[in-house]
Amino acid sequence: MLALGKLLELTLTDHEPAEKTQVTPKGVRLRWLGEGALEVRPPEHEDSGLDLLLSAGIHGNETAPIELLERLLHGVANGKIKPRSRVLFLFGNPAAIRKGERFVEQDINRLFNGRHELSSGFEALRAAELEQFARVFFSKPGRPRLHYDLHTAIRGSKIEQFALYPYKEGRKHSRRELARLAAAGMEAVLLQSKSSITFSAFTYEQLAAEAFTLELGKARPFGENEQVNLDKLEERLIQIIEGTEPETEDSLEGLKLFRVAREIIKHSEGFRLHLPADIENFSELSMGYLLAEDLAETRWVVEEEGARIIFPNPKVKNGLRAGILVVPDSGQCLG
Ligand SMILES: O=C(O)CCC(=O)N[C@@H](CCC(=O)O)C(=O)O
Ligand SMILES: [Zn+2]
């Protein structure tokens with residue numbers, strides 16, 4: 001196997017490879033671009049025209065997706081996977097991955113779309129660097145752009161694997177991409193209804209990629225991910241990389257659709273979330289339920305029929321989202 005296939009090992013040991021570019025016997029070019037960043041380029045005559053960005057480890061303790069990218073990279077580097085797409089592999093927050101923690105100083109997934117400019121510290125610098133890797137990678141005109149940012153969640157979930165689809169004014173969510181996600185094993189998609197500061201929101205809003213955050217199960221340390229079954233996603237990603245993906249029908253049969261009704265924002269240290277600590281994502285909340293309180297008599301009361309809670313977390317920094325309220329969506333607005 002080509003040494004650059006060991007991107008995870010290089011990243012975990014904070015090593016810069018002596019040889020930055022390597023080519024497989026079949027002419028696939030691997031290029032190390034910087035810490036945790038590797039570009040894969042197929043031979044020109046085999047290029048399918050797709051540019052695919054796969055990122056994981058934006059949160060350092062979310063190891064199942066990191067292990068998945070490592071398997072894909074090994075496959076490319078030992079010739080078992082035969083790429084026909086350009087692929088950029090990114091491990092998002094190497095310092096946090098080395099510590100096995102969600103972040104070191106601050107959540108990198110709240111620093112995109114310009115937010116890093118208002119902040120300092122290495123996570124802000126890393127967010128700017130990740131934006132730049134993505135900007136350069138997605139700079140070739142006329143090629144479809146696809147980004148999957150892979151995560152696992154802090155808590156258990158009534159729906160194990162789901163995608164979050166960013167929002168941009170005037171742009172429709174794609175039915176075809178949703179069908180592709182269903183084929184990759186996603187059970188639900190959550191349609192965002194405003195712009196955001198996450199990595200997938202950046203590539204969607206600013207780089208015109210089809211972009212998604214994928215939630216793939218519960219976060220666990222390296223080597224303890226047997227319960228996270230990524231077989232369907234892995235199979236689909238190999239097909240996308242190799243350009244052998246079967247035509248997906250546009251039917252969304254079996255895929256649950258939700259829309260973000262409201263984000264719960266923590267404004268102060270007085271913020272109180274009235275939910276059991278072990279509540280699962282997608283738990284239903286009844287109308288009139290007092291979900292949270294904050295200073296100045298701010299009250300978050302459930303007003304939406306069929307509301308469910310996702311990512312409840314009262315420990316976030318002030319000004320950030322402490323949960324998302326979602327409601328079922330009919331899919332009428334898909335393009
Ligand atoms: O389990 C949790 O509370 C968070 C899991 C996670 O990291 N989710 C992402 C979602 C990103 C998005 O909204 O697209 C995050 O919170 O950054
Ligand atoms: Zn995450």
Side-chain angles (χ1 to χ4, degrees), residues 53-69 90-93 96-97 99-104 106-113 115-116 123 126-127 130 147-168 173 177 181 186 188-205 209-221 225 228 258-266 273 275-283 292 308-317 319-326:
L53 166 52
L54 295 175
S55 50
I58 282 285
H59 294 127
N61 62 334
E62 299 176 3
T63 61
I66 299 174
E67 291 174 349
L68 168 59
L69 293 203
L90 289 178
F91 292 130
N93 189 341
I97 297 173
K99 290 183 86 149
E101 286 173 12
R102 184 169 169 87
F103 55 83
V104 180
Q106 54 177 332
D107 189 337
I108 210 168
N109 217 18
R110 302 293 179 273
L111 288 170
F112 292 94
N113 266 334
R115 277 298 176 99
H116 54 81
E123 266 136 349
R126 181 64 176 171
L130 292 172
H147 175 198
Y148 292 135
D149 184 31
L150 312 183
H151 289 247
T152 45
I154 295 169
R155 56 188 62 248
S157 184
K158 295 199 181 300
I159 298 175
E160 189 79 353
Q161 301 197 345
F162 60 99
L164 293 103
Y165 199 164
Y167 170 86
K168 185 173 181 178
H173 289 125
E177 289 302 331
L181 287 171
M186 297 306 113
V189 177
L190 218 143
L191 307 171
Q192 296 280 9
S193 39
K194 65 182 188 55
S195 77
S196 174
I197 51 179
T198 61
F199 193 22
S200 62
F202 166 73
T203 55
Y204 184 77
E205 292 176 35
E210 284 295 354
F212 303 86
T213 303
L214 303 189
E215 292 291 346
L216 303 171
K218 193 168 170 189
R220 293 206 168 75
N225 289 311
V228 184
F258 295 92
R259 161 172 54 82
V260 173
R262 270 189 290 166
E263 288 194 341
I264 315 302
I265 308 296
K266 172 179 173 179
L273 191 64
L275 290 173
D278 60 352
I279 192 166
E280 291 185 318
N281 286 328
F282 287 99
S283 292
R308 296 172 182 229
I309 185 75
I310 314 224
F311 306 149
N313 185 356
K315 294 190 189 136
V316 296
K317 277 203 326 195
L320 295 183
R321 120 186 144 195
I324 309 181
L325 269 185
V326 301

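Heavy-atom basis, side chains included; hydrogens, waters and symmetry copies ignored. Treat the numbers as computed from the prediction; the structure is a model and nothing was measured. We count ligands from 1, going down the list as the structure has it; atoms in each ligand are counted the same way.
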Notebook entry, point to check: In terms of atom number and element, which parts of ligand 1 are under 4.0 angstrom from non-hydrogen atoms of Glu62?
Noted result: 7 (O)
Margin query: With heavy-atom distances below 4.0 Å as the criterion, list the atoms of ligand 1 near Thr213.
Written below: 10 (C), 11 (C), 12 (C), 14 (O)
Checklist line | For His147, all residues meeting ring-ring contact (aromatic ring centres under 6.0 Å, His included), sequence neighbours excluded | finding: Phe199
Item checked: N/O separation below 3.5 Å, Asp107 to ligand 1 -> no
Notebook entry, point to check: Can you list the protein N, O or S atoms less than 2.8 Å from the Zn ion (ligand 2)?
Noted result: His59 ND1, Glu62 OE1, Glu62 OE2, His151 ND1
Checklist line | Nearest non-hydrogen protein atom, atom 9 (C) of ligand 1 | finding: Glu215 OE2, 3.4 Å
Check: At their closest point, which heavy atom of Ser200 faces which heavy atom of Ala211, and how far apart are they?
Finding: O-CB, 3.3 Å
Notebook entry, point to check: Just wondering, more than 12 heavy atoms not from Arg115 lying within 6.0 Å of its CZ?
Noted result: no
Next item on the list: Identify, by atom number and element, the atoms of ligand 1 in contact range of Asn109, meaning under 4.0 Å from any of its heavy atoms.
Entry: 11 (C), 15 (C), 17 (O)
Margin query: Is there a side-chain contact (heavy atoms from CB on, under 4.5 Å) between Arg102 and Asp107? Walk through the geometry before answering.
Written below: CA-CA 7 Å; Arg102 184 169 169 87; Asp107 189 337; 3.3 Å; yes
Check: Counting N and O atoms only, with roles assigned by atom type, does the side chain of Lys158 sit under 3.5 Å from a partner on the main chain of Ser283, one being a donor and the other an acceptor?
Finding: no
Next item on the list: Enumerate the atoms of ligand 1 whose separation from the nearest heavy atom of His59 is less than 4.0 angstrom.
Entry: 7 (O), 15 (C), 17 (O)
Notebook entry, point to check: So, do Phe282 and Phe258 have ring centers that fall under 6.0 Å from each other?
Noted result: yes
Next item on the list: Identify, with sequence neighbours excluded, every residue that meets salt bridge (Lys or Arg N to Asp or Glu O under 4.0 Å) alongside Glu123.
Entry: none
Notebook entry, point to check: Is the shortest N/O to N/O distance between Ile154 and ligand 1 below 3.5 Å?
Noted result: yes
Checklist line | Close approach, Asn313 and ligand 1, non-hydrogen under 4.0 angstrom | finding: no
Next item on the list: Consider every N or O of Arg110 and every N or O of ligand 1, then say whether any pair is closer than 3.5 Å.
Entry: yes
Next item on the list: Would you mind running through ligand 1 and noting each atom that sits below 4.0 Å from a heavy atom of Arg321?
Entry: 10 (C), 11 (C), 12 (C), 13 (O), 15 (C), 16 (O)
Next item on the list: Quick one: list whatever passes side chain to side chain donor-acceptor pair (under 3.5 Å) with Glu160, sequence neighbours left out.
Entry: none
Next item on the list: Mind telling me whether His173 and Tyr204 have parallel, tilted or perpendicular rings, with 30° and 60° as the class edges?
Entry: parallel
